[in-house]
Structure formats: C-alpha cells, structure tokens
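Index from 1, following the sequence. Computed from heavy atoms alone, side chains included, the values below leave out hydrogens, waters and symmetry copies.
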Amino acid sequence: MEMRASAFMSDRAGGLWLGSDHGEWGGEVMRVDLEKGSVQNIPGPKSSFFSKGKPYWSGILGFVELRDGQIWAHGGSMHGMGDGFIARIDNDGTSQLYELRPHWPLHEDEAGPEPPPELELSRPVLPVTQIIEQDDDLLVISYSGGFRVDKSLKDWKAVNRLEIPYPWLKGHRNGMGAYAVVEVAHPPARSGEPFVLATIEDGYITLEGAKAVPHAIPGQVDTIGIDDVTNSVEGLLLRDRFDLRETEVSTVWRLGKEGWETVDFSPPFEMAPANPEPNYEEDYTSWHFPYVLVRPDGAIFTVNQSRASPGTRTVARWTDGKAVRMGREVSYNYSTDSFITPDGVLWNDSLGRLLRFQNGKWEVAAGKPYDPVSLEPIQGNLYTPGRVKPIPTKGPPWILLAPWDQALWRLAYEADGKNTKLARLKLDEGAGDLKILDAIPWTGDLLMLATSAGLRTYDPAKGKLARVDLPEPPKPASKLARDGVDRLWLGGENGLWLSEKGAKEVESLDPVPAIKGTRVDAIGPDPAHADGVVAVLQDRGIVFLRTKAVR
C-alpha cells in the first residue's frame with residue numbers, strides 16, 4: 001500500500017481487507033486472497049463532491065462484514081472539514097450507501113452549506129468510525145456520537161453521546177483534526193449485556209443503554225510520543241519533548257503512589273494586556289503549548305504559548321505546589337524551542353534568533369530582533385536547530401543535542417551573557433557527517449555518543465571523536481543511559497542491551513517480557529536504584545529494570 005494500513009478485516013471467504021487513511025489525500029482499499037495469494041486494488045465509489053464524481057476513497061477507518069455476506073467500508077476525513085461515508089463493495093464495483101458532505105465547499109463552484117441542526121442530532125456529521133450489526137439494525141459510532149439505523153440507512157436515531165477526551169492529533173497523519181478515539185467495539189454476546197468499547201485514552205467503556213460507563217484501570221500510562229525520562233523535585237517524569245511532530249501535544253506524566261498520572265505545571269491561562277488577538281483568544285481557558293523544562297537540580301519551569309502568533313508567552317516556575325509567573329509578554333516565540341543549560345539559564349532558539357530569559361523577559365542574545373513596526377521576525381539571520389537537549393557537562397561553552405538535526409551544537413557566551421555564539425559541530429570520520437542520535441556525559445569530560453556508525457566518545461575541549469572499547473548491539477543504538485554503577489544501556493529499534501567494559505559481547509535484554517522486538521523510545525537512570533534504568537517501550541509501556549553487576 002502507498003501508506004500503512006489503518007484498518008483491516010478478514011472475511012468468511014478467506015479474504016484479508018486492508019484500508020489506509022491518507023488524511024487530507026483520501027484513502028486506499030486492497031483485498032488479499034489468502035488462498036491464492038493474489039492482491040486486488042479496490043476502486044472507491046463515485047463521490048458526489050470529491051474528485052467531481054470520479055471514484056474516490058476518503059480515509060478508511062474500518063470494514064464490516066454483515067451476516068448476509070455484504071462487505072462495507074467506512075471512514076472519512078477530519079482535515080478541517082469533517083466528511084463521512086459508508087460504502088458497499090461488490091464483485092462488480094463499489095457503491096456509496098451514505099455520504100456526508102464537508103461543512104464547507106471544496107471548490108469555488110460548490111455551495112457547501114452547513115448541515116441543519118436537526119441533521120446533527122439525528123445522524124453522523126463526522127467520519128464513521130465503527131459499525132456493529134445487531135439484530136435487524138446497526139449501531140454506528142461517529143467519533144463521540146452513537147446512532148441506531150436500519151440496514152437501508154434511512155431511519156437514523158441518536159442513542160448516546162460519549163463523554164471521552166480527544167487527544168489533539170495523537171497518532172494521526174492529518175495536519176488538522178483529532179483521530180478516532182474508539183478503536184474497537186465489541187457487541188454483546190448475550191441478550192441484556194452492554195456494548196464494550198476500547199478507547200485510546202480511557203481504556204474500556206461500556207454502553208449501558210444511553211449511558212457510557214468508564215472502566216479505565218487507574219495508574220496506566222500512555223507512552224505514545226514519550227521520549228524523555230527525567231527525575232525532578234516532583235518525582236520521576238515522562239515527557240514528549242522532542243517528537244512533537246507526531247503528537248503535537250506536550251504531555252507530562254508523573255509517577256505517584258497510585259501509579260502514573262498526567263500533571264499540569266503551568267499557570268492559569270491569562271492573556272497579556274498587549275495581546276494583539278484578544279477576540280481570538282478570549283474564549284480559550286488553557287495554553288496551546290505548555291512546555292515543561294527541568295533544571296539539572298530538578299527544579300521545574302514552564303514556557304507557555306497561547307494560540308495566537310504573535311500572542312501571549314508566559315514563563316513560570318513550579319514552587320511549593322503552584323506555578324509562579326516569572327515573566328509575560330507578546331511574541332512569536334515557540335514554547336517548544338526552549339531549553340535550560342546546566343548553569344540554569346533559560347534559552348529559546350525560535351525563528352532564526354537565540355533568546356535568553358533574564359530580568360523577567362526574553363532578550364535577543366544572537367541574531368536580530370523583531371521588526372519594531374510590523375513585529376515580524378527577521379528570517380534568515382541565524383540557522384537554529386530547535387528543540388535541543390543540553391548535555392550536562394562543564395561549561396560554558398555547552399554542548400547541545402539536536403534530535404531533529406541529528407547533530408551536536410555548541411553554545412558559547414561570556415559571564416555577562418554577551419558575545420553569545422551558537423554553531424553546529426561538524427563531526428565526521430572521512431566518509432561524511434555522522435548522524436548523532438543521542439549523547440550523554442561519560443568519564444571525565446568526555447561525552448558518549450550514539451551515532452549512525454555506532455558508539456563514539458567526543459572530547460568537547462579538543463573537538464575529537466574516538467572509537468569505544470565496549471561491545472555494541474548488531475545495529476547502532478539510538479538511545480543511551482548510564483546507570484549508577486557506570487554501565488552503559490543502549491536502546492534501539494529492536495530492543496535493549498547492556499554493555500560493560502571487559503565484556504566480550506553486548507548483553508541483550510530480550511529475555512525480559514515485552515522488550516524483544518520493540519522500539520525503545522527513551523532510557524534514563526532509575527533514581528531509586530543505582531543498578532537500574534527506566535525504559536519507555538514504544539506503545540507497550542514502561543519498564544523498571546535492574547541487573548546485578550557481575551564484573
């Protein structure tokens with residue numbers, strides 16, 4: 001398929017149906033004959049408003065095989081419009097059974113009226129996410145709406161409204177919208193039993209008549225997008241610091257007595273008096289991008305961004321269980337481009353400038369300021385990596401890891417903050433630049449690097465790379481951690497390994513349940529055990545792992 005499958009179903013005739021959701025670019029359907037091994041690309045139904053009547057698939061969110069053998073596909077798109085469909089697939093073609101027109105025109109010659117209020121109450125007005133056959137009718141779920149309808153799709157009736165949260169963009173390839181939260185719907189096995197729905201955020205919920213009852217297990221953690229394990233004054237934190245391209249939400253999890261819980265360290269949302277978009281932001285009560293930073297001593301800071309740009313940007317420190325505002329102003333800065341160097345200085349490298357936070361405001365340390373008339377940032381004056389991770393070393397100068405850039409940067413400045421310089425380090429071994437995937441402090445003043453060519457040490461003072469006398473995994477690692485007994489832990493696309501000096505080979509942690517074959521998204525030393533680490537295993541959860549030192 002052009003993109004990975006987002007829906008699949010095996011039918012009673014030995015066929016495997018695959019559907020993909022391309023976001024605003026539509027979808028794709030294939031059928032694989034598991035007996036013959038043949039693959040058939042299924043053309044979409046003719047759309048009354050997409051592609052001007054030509055065959056077209058919107059995003060595929062699921063399939064259903066009815067008891068009489070009919071195969072239906074369903075889905076839609078949430079890229080700023082909200083369309084939905086149900087289509088029947090036959091041997092002689094595909095026909096549209098239900099089609100919801102987007103809320104506004106796709107072409108200038110289309111009227112595209114808003115749906116009337118009675119339509120919103122009686123039938124789906126968003127992508128169709130689940131269809132379940134029961135008795136002589138169907139239960140259709142469209143995002144948070146539940147509907148009953150006969151199999152001719154004529155007599156619609158709204159039956160419930162699911163009070164479930166929608167994580168913005170989480171896991172979705174669309175540029176806009178939220179992904180369907182209900183992933184699987186289990187029909188009742190016996191008369192009188194409820195429907196059971198599996199959701200992304202709330203675990204299982206049951207539909208008991210028109211009432212949705214949650215059954216989430218307390219203390220569970222959602223690891224999608226988490227790529228940082230940090231100890232703080234508030235305990236162990238998990239953050240999605242660098243991979244916001246996929247999730248677009250900065251979530252912080254804290255390990256408490258009852259398990260994992262999300263926590264908000266930001267101050268209450270409040271616009272700056274000089275906000276140029278008061279009408280746009282007055283209806284909002286929360287920050288668009290609250291970004292959490294942890295100083296080397298564990299102190300917690302937040303840089304908070306409103307929805308407008310330029311708009312309110314507020315810096316706060318978490319003190320005695322509450323957020324204390326340190327500064328507030330109107331700017332274009334991206335909160336997620338903020339970082340704290342080991343000396344406790346707060347920086348931001350948005351839009352071609354390097355800013356330093358001091359005396360309650362952001363001041364330009366390198367690059368040019370905004371145009372004083374238009375407030376537009378002057379582009380092109382600096383190349384900045386964005387969303388960097390300072391490496392705890394002696395400095396300044398400081399070494400910064402830029403995960404998106406896959407490189408190291410050097411930040412230098414004088415004691416008074418003047419003469420600030422930010423530059424990308426060129427690291428190669430004669431065959432071109434090495435991709436720097438991770439970096440941690442090592443022995444002395446050296447850094448340990450995970451590179452595209454394997455492990456290397458780097459001496460910041462001499463600017464020298466060196467090979468490492470340690471065993472390595474079969475493929476280069478992308479995540480590193482050093483435990484309290486100076487052992488090196490390495491994570492990658494297919495597992496976790498332990499490397500010790502003097503060992504003949506790296507030790508695989510595949511025998512540990514859930515680790516084999518999974519991607520390690522983050523590793524950090526366990527603050528409670530010197531011989532342990534905390535590892536984030538993609539979507540499988542969190543592992544606290546301890547191993548005895550044998551050498």
Side-chain angles (χ1 to χ4, degrees), residues 6-12 17 19 60-76 78 82 84-86 97-98 100 118-167 170-172 178-222 224 258-262 539 541:
S6 55
F8 57 90
M9 181 190 72
S10 56
D11 63 27
R12 293 191 291 270
W17 295 85
I60 307 299
L61 298 180
F63 300 94
V64 62
E65 181 181 19
L66 302 184
R67 284 192 290 267
D68 62 6
Q70 290 187 62
I71 302 294
W72 291 5
H74 58 85
M78 279 288 284
F85 78 93
I86 300 173
L97 300 179
Y98 176 81
L100 170 71
E118 62 271 16
L119 178 63
E120 293 192 15
L121 296 176
S122 63
R123 62 185 61 191
V125 293
L126 293 174
V128 176
T129 51
Q130 301 287 338
I131 299 178
I132 307 99
E133 184 178 19
Q134 187 185 32
D135 301 327
D136 294 327
D137 61 5
L138 305 170
L139 174 66
V140 175
I141 297 176
S142 173
Y143 275 63
S144 58
F147 305 86
R148 290 279 186 187
V149 65
D150 65 296
K151 293 180 182 178
S152 66
L153 302 182
K154 294 181 179 179
D155 185 16
W156 290 88
K157 180 182 179 181
V159 294
N160 51 43
R161 177 65 57 180
L162 307 176
E163 297 298 331
I164 49 181
Y166 275 77
K170 196 150 201 175
H172 202 269
Y179 201 65
V181 167
V182 177
E183 293 204 310
V184 181
H186 303 281
R190 303 175 188 85
S191 177
E193 290 184 346
F195 278 86
V196 180
L197 308 180
T199 70
I200 292 177
E201 290 282 285
D202 287 352
Y204 281 98
I205 63 175
T206 55
L207 296 183
E208 300 176 6
K211 183 180 181 182
V213 180
H215 299 277
I217 301 174
Q220 299 296 290
V221 61
D222 176 8
I224 296 176
E258 303 299 325
W260 292 99
E261 58 186 359
T262 58
D539 55 0

Donor-acceptor check, side chain of Ser142 to backbone of Pro127, threshold 3.5 angstrom: yes or no?
yes
Do the side chain of Gln130 and the main chain of Val182 share a donor and acceptor less than 3.5 angstrom apart?
yes
Determine the minimum heavy-atom distance between Tyr204 and Ala198, stating which atoms define it.
CE2-CB, 3.6 Å
Partners passing side-chain contact (heavy atoms from CB on, under 4.5 Å) against Asp68 (at least two apart in sequence or in another chain):
Leu66, Gln70
Within-4.5 Å side-chain heavy-atom neighbours: Ile60 and Phe85:
yes
Measuring only between side-chain heavy atoms, which start at C-beta, is Leu197 closer than 4.5 Å to Ile141?
yes
Would you check if the side chain of Glu133 reaches a backbone N or O of Arg67 as a donor-acceptor pair within less than 3.5 Å?
yes
pair Ser10-Trp17: side-chain heavy atoms closer than 4.5 Å:
no
Tyr143 to Thr129 - nearest heavy-atom pair and separation:
N-OG1, 3.4 Å
Return the orientation label for the Phe147 and Trp156 ring planes: parallel under 30°, perpendicular over 60°, tilted otherwise.
perpendicular
Pairwise salt bridge (charged side-chain N to carboxylate O under 4.0 Å, His left out) hits with a residue in residues 185-197, at least two apart
Arg190-Glu193
Without swapping roles, check the side chain of Tyr98 against the backbone of Val128 for a donor-acceptor pair under 3.5 Å.
no
Could you work out, with salt bridge (Lys or Arg N to Asp or Glu O under 4.0 Å) as the rule, every residue matching Asp137, not counting sequence neighbours?
Arg148
Got a sec, which residues hit side-chain contact (heavy atoms from CB on, under 4.5 Å) with Ser152, two or more places apart in sequence or on another chain?
Asp150, Lys154
For His186, enumerate each residue passing the side-chain hydrogen bond (donor to acceptor under 3.5 Å, both in side chains) test, keeping only those at least two apart in sequence or located in another chain.
none
Among residues at least two apart in sequence or on other chains, which ones pass salt bridge (Lys or Arg N to Asp or Glu O under 4.0 Å) with Glu65?
Arg12
Taking the side chain as C-beta and beyond, is there a heavy-atom pair between Trp72 and Leu153 under 4.5 Å?
yes
Between Ile71 and Met9, does the side-chain contact (heavy atoms from CB on, under 4.5 Å) criterion hold? Intermediate values first, please.
CA-CA 10 Å; Ile71 302 294; Met9 181 190 72; 3.9 Å; yes
Any side-chain heavy-atom pair of Leu139 and Leu207 under 4.5 Å:
yes
Correct closest heavy-atom pair for Leu138 and Lys151 would be CG-CG, 4.2 Å
